[in-house]
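Below is one structure; the comments refer to it alone.
No hydrogens, no waters, no symmetry mates; every other heavy atom, side chains included, goes into these values. Since we're looking at a predicted model, the values are computed, not measured.
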Amino acid sequence: MLALFAVVFLDELASGVTPASAGDVARDLVLPAGRAAGAIITAFHALAVFVEAPLLAFSERVAVRWFSAGSLGVLALACALAALAREPLLFLVALALYGPASGCALSSAEGLL
């Protein structure tokens, strides 16, 4: 039960870290700061708008435990991919995967709570 609260807390924390560090990300990936900030915010939500609702509808057909574990697994892979990214496109792909995975993990954790 405590782990479910951690998912909710860490999601709120993580969703603010990347936009807040847009200047550092822009410097590391050699991008203009404004373009990096806009791309980061867009990447978080672009894929989630189209994919998250069907995934949550699918989640009602499987056990919540498996759906939550799968979402957290994809979330971990997206974080690892973002950490290893050396070029902007790979970083944006990682953030695009992070958005729906984060939303699904958070929704399933809140549903269980």
Side-chain angles (χ1 to χ4, degrees):
M1 176 92 141
L2 198 55
L4 295 175
F5 284 113
V7 170
V8 175
F9 174 74
L10 291 175
D11 179 70
E12 292 301 322
L13 181 66
S15 65
V17 168
T18 305
S21 62
D24 295 330
V25 170
R27 186 183 63 244
D28 289 345
L29 296 176
V30 190
L31 293 171
R35 182 177 288 172
I40 286 170
I41 292 169
T42 303
F44 264 127
H45 302 292
L47 187 61
V49 167
F50 301 106
V51 175
E52 196 171 325
L55 283 175
L56 291 173
F58 170 74
S59 73
E60 295 191 11
R61 296 185 180 138
V62 297
V64 176
R65 176 182 302 151
W66 292 107
F67 186 75
S68 179
S71 299
L72 290 171
V74 172
L75 189 64
L77 289 173
C79 287
L81 185 63
L84 296 173
R86 296 287 176 228
E87 50 189 61
L89 186 60
L90 187 59
F91 186 70
L92 290 179
V93 167
L95 290 180
L97 291 175
Y98 181 91
S102 174
C104 290
L106 182 65
S107 296
S108 61
E110 287 177 343
L112 285 174
L113 286 174

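Here the straight-line distance linking atom CZ of Phe67 with atom CD of Glu60 works out to 10.0 Å at 0.5 Å rounding. Rounding to the nearest 0.5 Å gives a distance of 9.0 Å between CG of Leu95 and SG of Cys79.
Under the side-chain contact (heavy atoms from CB on, under 4.5 Å) criterion, Leu72 pairs with Val7, Ser68, Leu75, Ala105, sequence neighbours left out. Shown here are the side-chain contact (heavy atoms from CB on, under 4.5 Å) partners of Val49, two or more places apart in sequence or in another chain: there are none. In this structure, the side-chain contact (heavy atoms from CB on, under 4.5 Å) partners of Ala85, at least two apart in sequence or on a different chain, are Leu90, Phe91.
Both Phe58 and Leu56 belong to a single network of hydrophobic side chains, linked directly or stepwise wherever heavy atoms of I, L, V, M, F, W or Y lie under 4.5 Å apart.
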